**Q** 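Quick one: the structure is below, questions incoming.
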Amino acid sequence: MPDTDNKPSQNFIKTIISEDILNNKNNARVHTRFPPEPNGYLHIGHAKSICLNFGIAEQFNGLCNLRFDDTNPAKEEIEYVESIMEDVKWLGFDWEDRLYFASEYFDKFYEYAIQLIKDGNAYVDSLTPDEIRQYRGTLTEPGKNSPYRNRSIKENMELFEKMKNGELEEGTHLLRAKIDMTSPNLNMRDPAIYRIKKASHHRTNDKWCIYPMYDFAHGLEDSIEKITHSICTLEFEDHRPLYDWFLEKLNVFHPRQIEFARLNLTYTVMSKRKLKKLVDEKYVSGWDDPRMPTVAGLRRRGYTAESIRNFCDTIGVAKRESTVDIALLEHCLREDLNKRAPRVMAVLHPLKVTITNYPDNKVEQMQAVNNPEDESAGTRLIPFSKTVYIEKDDFMENPPKKYFRLSPGKEIRLKHAYYIKCEKVIRNENTGEITELLCTYDPASKGGWTNDGRKVRGTSHWVSVDHALDAEIRLYNHLFTKQNPENVPDGQNFLANINPDSLEILKNCKVEQSLLDYPAGSFFQFMRQGYFSKDKDSANEKMIFNRSVSLKDTWAKIQKK
RNA sequence: UGGCCGGUUGUCAAGUGGUUAAGACACGGGUUUUUGGUGCCCGCAUACGCAGGUUCGAAUCCUGCCCGGCCAGCCA
């Protein structure tokens with residue numbers, strides 16, 4: 001039967017939620033959360049999770065919280081908290097008044113831990129970290145009970161109290177859940193609940209000497225916030241029995257954990273640890289380097305929030321490990337910007353053209369369409385004069401077949417202006433390099449068209465020499481040379497696949513004056529080149545543009561053959 | 001030699017016992033075009049990891065096998 005035409009893409013999580021609603025589970029309420037740890041900047045993989053969690057809330061008339069999972073003060077910083085909030089907002093999502101921090105619940109977590117001890121479900125262990133590892137067993141061998149496993153409740157209470165008061169040193173004592181040291185699931189072999197960490201927390205400062213572990217804290221955070229569906233990535237699948245165990249033993253509201261496959265992209269890495277390494281070791285200029293797959297990096301590169309959200313919808317959500325072709329991300333940007341980006345003229349590699357039969361001091365204002373895909377974008381005037389710059393690539397002295405740009409004796413159209421014909425090539429006597437083209441123009445072709453049926457196939461962008469502004473343009477390529485950067489010889493790591501040509505800086509570019517009027521962050525299509533955005537480091541004296549993504553280039557493809 | 005999860009076209013991904021096995025990207029071809037851009041048209045899995053079985057009928061159910069991922073932090 002014909003399904004509804006515009007039904008949003010289905011995935012297994014939405015199927016589960018739909019069933020839960022049908023069964024009136026949680027009174028058909030849907031409440032999700034996005035729970036980042038503030039130990040780095042958000043990347044496109046987080047964007048997938050954000051779109052999923054906020055998107056589900058929206059689709060099912062529910063709510064989505066932003067909650068910082070800040071249970072490890074050693075790795076977390078306020079800078080990351082701020083960047084994460086900025087990024088989520090920028091992506092277009094609103095947590096309204098539901099901004100939470102796991103650290104706000106530390107008192108409650110402490111009480112829950114006490115309850116576990118009192119119920120005989122937790123104990124203080126005094127084994128060393130090394131001994132604990134040995135007692136845990138291996139993947140194929142069961143673990144064995146700690147000699148401290150059967151301490152009395154009273155003794156456990158006293159020791160835990162001392163842990164809390166800072167009377168015991170890091171690594172000497174550990175609160176553990178009393179579950180089953182022989183479980184085939186290692187997460188159930190008496191996992192840690194609280195560890196001693198005499199570190200200052202970015203929000204609770206020095207109030208605590210003990211901090212809860214993820215497995216204990218996370219489910220309780222969800223429970224406290226009455227989350228109905230706790231969506232996380234696949235590596236937590238083995239933790240679900242433990243997630244459920246804590247909630248059952250404590251007899252509190254029990255959200256359902258659902259796991260999905262994290263996003264991988266070709267030609268990049270997607271772990272905060274590795275991204276941090278790239279930043280710390282200066283392989284990139286920072287978390288917002290336009291080559292980074294971080295939300296901040298993509299934003300600076302010129303990606304729009306819409307294109308990222310559309311990408312996240314397009315890739316889908318499933319449980320199988322997969323790697324999405326980065327070409328799809330680029331496609332989503334082109335698709336969005338094609339509709340919205342103003343077209344402007346910018347010459348990346350300038351070649352001077354003198355139009356010999358054009359009056360010396362004449363300047364004409366040519367009318368240019370701002371966006372052929374959007375009539376409401378209107379038109380603007382651009383100055384034309386006797387000397388212009390065109391792109392070096394748009395001229396070839398000895399062109400191959402099917403090259404329909406400029407060459408000696410051939411005619412092309414200067415977009416919005418005139419047809420010109422190449423009459424003479426001028427070169428540097430010493431180097432042989434082509435320095436200038438002498439051309440003639442056809443006054444009858446004003447606007448770039450004649451009605452005489454002439455076939456002028458090539459169209460070049462250009463900018464008037466006297467009116468052009470200098471600009472720096474940064475061209476970006478994949479950060480890694482391999483689709484899978486982890487594909488390295490033994491003994492090497494992903495850094496071995498860093499692309500030495502991931503950034504190319506062009507310092508002698510010529511752009512039209514109208515670019516001065518736009519603020520940093522504005523995006524454009526540089527005609528026939530690609531989409532670019534004005535960098536935040538841009539100044540009026542020195543404009544800087546980042547290439548967000550090139551236009552598709554059929555000619556380049558033909559040439560490769 | 002442990003447990004859990006997965007395996008549908010080059011890449012993602014719908015599909016939940018009866019469909020010509022969606023869609024997108026990529027790729028190839030054509031067309032339109034004052035961007036070799038865009039748009040439009042066409043092509044792209046007799047096939048669902050493999051082998052059996054159940055059934056009138058299987059990508060969907062069952063059994064066995066193979067392959068991939070994750071787990072032995074006082075990280076999340």
Side-chain angles (χ1 to χ4, degrees), chain A residues 3 9-12 15 35-37 39 69 71-72 74-76 125 127-129 132-134 136-143 170-176 183-189 191-197 210-211 213-215 217-218 232-241 259 261 263 266 272-273 313-332 334-335 338-339 343 345 369 372-373 402-405 413-417 419 445 447-449 456-461 483 525-530 550-558:
Chain A
D3 269 325
S9 65
Q10 190 57 272
N11 63 52
F12 77 100
T15 303
E37 184 191 14
N39 65 344
D69 205 354
T71 57
N72 185 357
K75 294 186 175 177
E76 296 154 8
D125 202 350
L127 253 25
T128 65
I132 284 183
R133 197 181 320 121
Q134 282 165 19
R136 184 155 36 226
T138 68
L139 293 175
T140 51
E141 300 157 39
E170 286 186 22
T172 62
H173 298 267
L174 183 69
L175 184 69
R176 292 229 257 169
S183 172
N185 181 346
L186 304 233
N187 295 121
M188 301 300 272
R189 318 241 264 225
I193 294 175
Y194 261 99
R195 76 281 216 189
I196 300 168
K197 228 180 229 293
I210 54 172
Y211 291 91
M213 298 292 291
Y214 167 87
D215 285 310
H218 202 89
C232 62
T233 43
L234 246 31
E235 67 271 26
F236 293 104
E237 221 158 8
D238 288 343
H239 296 239
R240 182 158 21 97
E259 311 85 14
L263 172 65
T266 55
K272 277 196 261 185
R273 203 200 98 242
D313 285 345
T314 305
I315 56 176
V317 177
K319 293 198 73 155
R320 83 181 77 129
E321 297 275 354
S322 61
T323 303
V324 175
D325 191 339
I326 199 161
L328 180 57
L329 215 211
E330 295 171 344
H331 162 80
C332 290
R334 289 193 190 101
E335 184 184 44
N338 177 50
K339 289 178 289 187
R343 272 60 168 173
M345 301 223 265
V369 169
E373 306 294 320
K402 292 198 176 170
Y403 182 86
F404 46 80
R405 276 114 95 148
R413 166 172 39 246
L414 293 180
K415 181 84 181 171
H416 304 308
Y419 294 167
S445 63
W449 187 251
V456 176
R457 187 79 196 271
T459 300
S460 277
H461 56 281
Q483 283 209 9
Q525 185 196 105
F526 286 0
M527 272 268 170
R528 304 203 311 132
Q529 303 280 347
S550 65
L551 246 30
K552 285 214 230 159
D553 191 346
T554 309
W555 172 238
K557 236 178 237 178
I558 293 169

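Below, chains carry the letters A, B, ... as their sequence lines are ordered, and counting in each starts from 1. Please read all numbers here as calculations on a predicted model, not as lab measurements.
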**Q** Let's test this: given Watson-Crick or G-U wobble pairing with both distances under 3.5 Å, identify the partner of B:rA13.
**A**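 Check on B:rA13: unpaired, no WC or wobble geometry under 3.5 Å.
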**Q** For B:rA13, does either OP1 or OP2 sit under 4.0 Å from a side-chain N or O belonging to A:Ser322?
**A**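 For A:Ser322, the contact criterion (side-chain N or O under 4.0 Å from OP1 or OP2 of B:rA13) is met.
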**Q** Work out how far the C1' atom of B:rU32 is from that of B:rG39, and round it to whole angstrom.
**A**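 Result for the C1' pair: 8 Å, nearest Å.
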**Q** Using purine N1 to pyrimidine N3 plus N6-O4 or O6-N4 for Watson-Crick, or N1-O2 and O6-N3 for G-U wobble, both under 3.5 Å, which nucleotide pairs with B:rC65?
**A**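 The base-pairing partner of B:rC65, which may sit in any strand shown, is B:rG49.
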**Q** Could you work out the separation of B:rC4 and B:rG43 based on their P atoms and round it to a whole Å?
**A**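 My reading of the P atoms in B:rC4 and B:rG43 gives 46 Å.
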**Q** Can you tell me, in whole Å, how much space there is between the P of B:rA21 and that of B:rA47?
**A**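 11 Å, rounded to whole Å.
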**Q** Is there a donor and acceptor pair, one atom on the side chain of A:Arg528 and one on the base of B:rG36, closer than 3.5 Å?
**A**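 No pair found.
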**Q** Write down the atom of A:Lys339, the atom of A:Glu373, and the distance for their closest heavy-atom approach.
**A**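 It is CA-CB, 4.4 Å.
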**Q** Is the backbone of A:Glu37 close enough, under 3.5 Å, to the side chain of A:Lys272 for a donor and an acceptor to pair up by distance?
**A**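 Such a contact is found between A:Lys272 side chain and A:Glu37 backbone.
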**Q** Taking A:Arg528 for its side chain and A:Met345 for its backbone only, find out whether a donor-acceptor pair lies under 3.5 Å.
**A**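 No, A:Arg528 side chain to A:Met345 backbone: no donor-acceptor pair under 3.5 Å.
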**Q** If you compare every side-chain N and O of A:Arg334 against the phosphate oxygens of B:rA24 (OP1, OP2), does one of them come in below 4.0 Å?
**A**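 For B:rA24, OP1/OP2 do not have a side-chain N/O of A:Arg334 under 4.0 Å.
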**Q** Given B:rA26, B:rG36, B:rU34, which nucleotide is nearest the side-chain atoms of A:Ala327?
**A**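 Nearest nucleotide to the side chain: B:rA26.
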**Q** How many Å lie between NZ on A:Lys557 and C1' on B:rG36, as a whole number?
**A**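 These atoms are roughly 11 Å apart.
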